[in-house]
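For the numbers below, each heavy atom of this structure counts, side chains included, while hydrogens, waters and symmetry mates do not.
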Number of protein chains: 2
Amino acid sequence: MEPVSAEHVTTLRRFNRYFTRRIGALDDHYLGQDRPLGEARLLFEIGDGVSLRELRGRLGLDAGYLSRMARALEAQGLVRITVHPKDTRQRLAELTPAGHVEVKEQNRRANHLAEGLLKGLTPPQRGQLTEALGSAQRLLRLAAISVEVVDGAAPDARACLDAYAADIDERFPEGFDPASLVRPHEVSGDTGAFLVAYEEGRPVGCGALRRLEAGVGEIRHVWVHPDARRLGLARRLLDALERQATQRGYEIVRLDTHASLTEAQAMYRACGYAEIPRYDANVYAAYWFEKRLGR
Amino acid sequence: MEPVSAEHVTTLRRFNRYFTRRIGALDDHYLGQDRPLGEARLLFEIGDGVSLRELRGRLGLDAGYLSRMARALEAQGLVRITVHPKDTRQRLAELTPAGHVEVKEQNRRANHLAEGLLKGLTPPQRGQLTEALGSAQRLLRLAAISVEVVDGAAPDARACLDAYAADIDERFPEGFDPASLVRPHEVSGDTGAFLVAYEEGRPVGCGALRRLEAGVGEIRHVWVHPDARRLGLARRLLDALERQATQRGYEIVRLDTHASLTEAQAMYRACGYAEIPRYDANVYAAYWFEKRLGR
DNA sequence: CCTGATCTTTGACTAAAGTCAAAGAAGTAT
DNA sequence: ATACTTCTTTGACTTTAGTCAAAGATCAGG
C-alpha cells in the first residue's frame, strides 16, 4: 500500500479543524437553543421511529444514559416509547405531533444557518461549494467503507444476495429467479470467495468469485446498496475480487451482464474487461467479458 | 440578493451532519485520550506561546474558566505562565518541554487518524479529496468574510492601510512612500468610501473609493491580507467598491496598478476593466484601467 | 493624579454529559 | 428446561463544561 502523502494529511486535518470549529460548533449551538444538545440530537435522530438499540449504536451512547434521555423526552411529550412488536425486550421511539413540531423548528433553524452561510457567496460559488462538498463526502464515505471476505453462508452474505436478487428481479423485465444465485460452497475455500462491503457496520455491497475452469475464475453478483451508489464502490469490489482471483491462481476472470445494466457494462470496459463470446448458459446474460489479470 | 437554492442548503447540511458525526467526533475522541477535551484543545492552541486574552477570543471561553484551565495545565507542568512584558495585566502561556511532548503526541494521533482514513482511497482519489476539501474550505472561508463600510480614520482602516503600505513597500523595487495613501476625508461621506473585510472579527482586507472628477470615481488600495489570499476576496472587495460607486452616482470608475502586480492586472481585466491612457500622476502606476458601471 | 476600561483571578454555583454496576425481563440456542 | 445473551431500566456517582459576580491589579487618556 502506498504511503499517504503529508500534503493530503495536512489538508484533511486543516479542513477538519476549520470545519468542526467554525461550522459544526455553530450548528450545535443553534440546534439545541433551549434544550440540552444531547436531547436535541436524540430528537433529531428519532425522526420517523427507531429502536433505542439502533439509536444507541448510531449515537454511541451509554445504555443507561440513553434510556434516561429518551424517558425525559417522553415526559416532555415529544416522543412516544412503545414496545417493539417483534422483540419485546426492545423499545421503539417515535415522535409525537409536538415532537414533530420541535424537529421542524430545528430544521428551520439549521436551514437558516446554512442559508446565512451561503448568502455570502455568489450563485456560481454556491454551485462550486456544493460540488466540492458533495465530492468530498462521496470520497469520505468511500474511504470509510471496508471490504471483507466472509463465508458465503454468513448472514450478511445471504442478506446481500437476497437484496441483490430482489433488486434485479425488479430491474429485469423477465424477473429473476433466486435459484440462479451462487451456492455458498462455490464461493468459499481455495477456489472462490465472497466479499461484503461494510459502512459503519452495515453491509452495503457484495461480490462473489467462483471457479469456472482451470485458471479461469468468474465474478458474479457484484452489487451495491442503493444508499451507497455513485461512490465508486462497485469498482472497489471489482478490484478486490480480482485480487482474490490472483491469490487463488486464476489468470483470467470472466463475467456476464444483463442487457439492462448499461452502467455496469461501461464500468467493466473501463476496468479493462473486453467483450468475448458467450461462455455460459446464463439465461439472464446478454454480454460476456473477460480480463487477463496482470500480476 | 438571490434566494439560496434548496439543493445547496441540503448538500451543506448533509455534509455537515456526516462530517461532524463521523470525522469530527472521532478526532475529538482521539485528541484528548486521557485528558479532558477542553484542556487538550487549549494545549494545542497555546502552541508557541500566546496571551490568555488571545486564547479567550480565539476559543470563545469565559475568562474565569480559561484562567482555571490554564492554571491546571501549569500545575501539571505542561505550560508555563508568565506576565506579558508589555502589559503586566496580561498573562502569556507557553508550552514547557513536557507540554511540547504532549502536543506532539496529539499531532501524531491526529495524523494517524487522517492517514487511516486516506488509506481507504486510491492515490488519485486522495488527490480528488484533497482538492475538494481545499476548494470547500476556501469557499467557506470566503462566505464567512464580511465586507463593511468603515470610517477612513477608524483604527481598522488605518491598520489595513499600514499593512498595505508595508506590503507593497517590500514588493515595489522602488519602495513605497506612505504619504501617497488616501487621506481619511477623501474616502468618507458622499463622494468616497472605505471598506474593510473581516474574518472572524479580524480585518483581512480593504479597499478605498474616492472622487476623481464629476461622474468618475477612483478605486484605490485594494489589499488582501496574506492569510486570506487565493479566496477570491479581492474580487469581492472590487464588487463592493463598484456598488459603493454606483450608489454615489459615479458612472465610471478608474484605477491604476503597479507594473509588478500582474495578478491584479489580470483580475481587473477579468472583472470588466479596460486599459486606458494615464489619467493621473501616480509615480507608482504603470497601467491605468477604467470600467463603465452598468445599471 | 484621577477615571474608566481591561485583564485576570477567585468563589460559588449549575447543568450537562457520561460511567459503572446491578437487576429484571425477554429472547435464543442446545 | 436450562444456560447464555441481549436490551432496558435504575441508582449512585464523577467529570466536564460553563456561568456569574466580585475584587484586585494595571493601563490609557485627559
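The shortest distance between the side-chain N/O atoms of S67(B) and the OP1/OP2 oxygens of dC7(C) is not below 4.0 Å. Between R68(B) and dT16(D) there is no side-chain polar atom (N or O) within less than 4.0 angstrom of OP1 or OP2. Applying the 4.0 Å criterion to OP1 and OP2 of dT9(C), one finds that R91(B) has a side-chain N or O inside that range. For the pair R89(B) and dA28(D), the criterion of a side-chain N or O lying under 4.0 Å from OP1 or OP2 is not met.
Side-chain proximity of T88(B) to the nucleotides dC27(D), dA16(C), dA17(D) is greatest for dC27(D).
Note on G64(A): a base of the nucleic acid sits closer than 4.0 angstrom, heavy atoms only. Within 4.0 Å of L52(A), counting heavy atoms only, lie sugar-phosphate atoms of the nucleic acid but no base atom. Counting any heavy atom pair closer than 4.0 Å across all strands shown, D62(A) reaches a base atom.
Residue L59(B) contributes atom CG, which lies 13 Å from atom P of dT19(D) at whole-angstrom precision. Atom pair L92(A):CG and dT8(D):C1' shows a separation of 13 Å (rounding to whole Å applied). Atom CE in M69(B) sits about 14 Å away from atom P in dT8(C), given to the nearest Å.
One distance of note links CG of L142(A) with CZ of R236(A); it measures 5.0 Å at 0.5 Å rounding.
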Handout entry: Test log, rule salt bridge (charged side-chain N to carboxylate O under 4.0 Å, His left out), inputs R58(A) and E200(A)
Key = CA-CA 9 Å; R58(A) 208 190 294 171; E200(A) 298 178 44; over 6 Å; no
Exercise for the section: Go through the steps to decide whether D167(A) and R229(A) satisfy the test salt bridge (charged side-chain N to carboxylate O under 4.0 Å, His left out), and finish with yes or no. Expected result: CA-CA 13 Å; D167(A) 195 354; R229(A) 291 195 184 149; 2.6 Å; yes
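Sequence order on DNA chain C of the closest nucleotides to A63(B) and E39(A) puts A63(B) first from the 5' end.
Not counting sequence neighbours, the partners of R141(B) by the side chain to side chain donor-acceptor pair (under 3.5 Å) test are E199(B).
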